[in-house]
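Labels below follow one simple rule: chain letters A, B, ... track the order of the sequence lines, proteins then strands, and each chain is numbered from 1.
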Number of protein chains: 2
Amino acid sequence: MRIEDEIKQANFQSVYQKVYINLVYTAGWLELRQAAAFKEFNITLPQYNVLRILRGQHPRPSTVNMLIERMLDKTSNASRIVDKLEAKQLVTRRVCPSNRRAVDICITDAGLALLDTMQPMVEQQAHGLHKLSEQDAEQLSYLLDKLRD
Amino acid sequence: MRIEDEIKQANFQSVYQKVYINLVYTAGWLELRQAAAFKEFNITLPQYNVLRILRGQHPRPSTVNMLIERMLDKTSNASRIVDKLEAKQLVTRRVCPSNRRAVDICITDAGLALLDTMQPMVEQQAHGLHKLSEQDAEQLSYLLDKLRD
DNA sequence: GTACATTAAATGTATGTACATATATTTGCA
DNA sequence: TGCAAATATATGTACATACATTTAATGTAC
């Protein structure tokens with residue numbers, strides 16, 4: 001459905017206005033779909049993304065700084081997301097021995113197991129994007145990179 | 001800058017994974033720029049969007065339901081956004097005479113004046129998207145619509 | 001015309017975001 | 001050595017999001 005119809009607004013001031021609205025709307029649409037699929041695993045999207053970063057480092061520890069660097073939303077509060085994951089025993093946190101300002105964060109076996117359990121769902125979600133051909137997807141990614149230049 | 005470099009992740013499971021990440025990242029990037037520009041006007045992006053919808057209806061009133069229908073994020077809490085706008089005296093709210101369950105919301109003169117004041121900034125923001133040609137922007141919008149089909 | 005469902009909005013709770021500030025540790029340098 | 005600056009993280013506050021529940025008004029079936 002065209003963005004004009006989705007938000008019941010017939011015309012835009014410019015094509016740039018339209019693409020901006022469309023971008024924000026589509027990102028929200030995607031996040032909503034993902035969040036719904038994640039709910040049964042009792043985890044949120046930001047928490048999942050942090051877990052994936054930790055798995056990428058495993059068995060080496062990560063720090064909060066490294067999480068922030070790799071997170072999609074760089075201003076979000078990694079400390080508090082780690083709080084939630086720690087409460088669910090999906091990660092461990094302890095003061096880094098070589099730099100006591102930093103905190104070493106590791107994914108636990110339970111965390112790794114959760115990611116495995118979620119894998120089929122994640123693949124199914126990605127499959128939901130196949131309304132685009134691979135060329136379309138590449139082109140879309142290219143245009144988004146260009147937009148941000 | 002390519003999304004691979006932005007989030008320091010060299011490769012993705014699939015081009016669909018990449019475009020998903022890119023979309024969420026770019027939408028966040030855009031919102032961050034907008035939010036910063038909005039800050040000097042002491043208003044947030046959702047509040048601005050509600051004001052614009054109200055201006056579109058002016059001088060006819062809108063209801064909370066109508067706001068939700070037209071908002072980008074349909075699950076957000078229109079009531080509380082209207083609360084904030086009412087506290088700043090940018091909108092008025094009173095029980096609808098013909099249906100006392102509903103609430104008539106109108107933009108005030110101060111609200112209209114604020115939108116006028118913000119207009120040059122908004123245009124300048126849109127101008128910031130001109131890294132894309134108009135054709136690029138159309139193509140991007142088309143691909144986003146297709147993605148959601 | 002009462003009972004039950006539906007509708008419109010508000011409220012409560014948990015989470016996350018944005019940003020300022022605080023605390024502790026380490027580093028650099030006079 | 002001692003002290004200021006930089007670094008790593010945590011905390012506080014305001015706002016927004018997601019979603020369940022509540023309250024009030026209206027519609028409808030019997």
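- Using a 4.0 Å cut-off between a side-chain N of Lys or Arg and a carboxylate O of Asp or Glu, B:Asp104 and B:Arg93 do not qualify as a salt bridge.
- Distances shorter than 4.0 Å separate some side-chain N or O of A:Lys39 from OP1 or OP2 on D:dA20.
- Listed by residue number, the members of residues 40-60 of chain A with any heavy atom below 4.0 angstrom from DNA chain D form an empty set.
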- Item | Derivation of the side-chain hydrogen bond (donor to acceptor under 3.5 Å, both in side chains) call for A:Arg148 and B:Asn22 | CA-CA 11 Å; A:Arg148 290 193 316 273; B:Asn22 206 341; 2.8 Å; yes
- Could you write nucleotides 9-14 of chain C as a row of B, S and -, 5' to 3', where a protein heavy atom under 4.0 Å of any base atom gives B, of only sugar-phosphate atoms gives S, and otherwise -? SBBBB-
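- In this structure, A:Ile81 places its CD1 atom 14 Å from C1' of D:dT9, rounding to the nearest Å.
- The nearest whole Å value for the distance from the CZ atom in B:Arg33 to the C1' atom in C:dA18 is 17 Å.
- Rounded to an integer number of Å, the gap from CD1 of A:Ile68 to C1' of D:dT9 is 8 Å.
- Look at CD on A:Glu31: it is 11 Å from P on D:dT17, rounded to the nearest Å.
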- What dot-bracket string describes DNA chain D from 5' to 3', counting Watson-Crick and G-U wobble pairs whose defining distances are under 3.5 Å, with [ ] for crossing pairs and | for pairs to another strand? ||||||||||||||||||||||||||||||
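- Along DNA chain C, the nucleotide nearest to A:Lys88 and the one nearest to B:Leu32 differ in position, and the one closer to the 5' end is contacted by A:Lys88.
- Ring geometry for A:Tyr48 against A:Phe38 counts as perpendicular: the plane angle is over 60°, on a 0 to 90° scale with 30° as the lower cut.
- Between the P atom of C:dC19 and the CZ atom of B:Phe38 lies a distance of 14 Å, rounded to the nearest Å.
- Remark: P of D:dT9 and CZ of A:Arg94 are 14 Å apart, rounded to the nearest angstrom.
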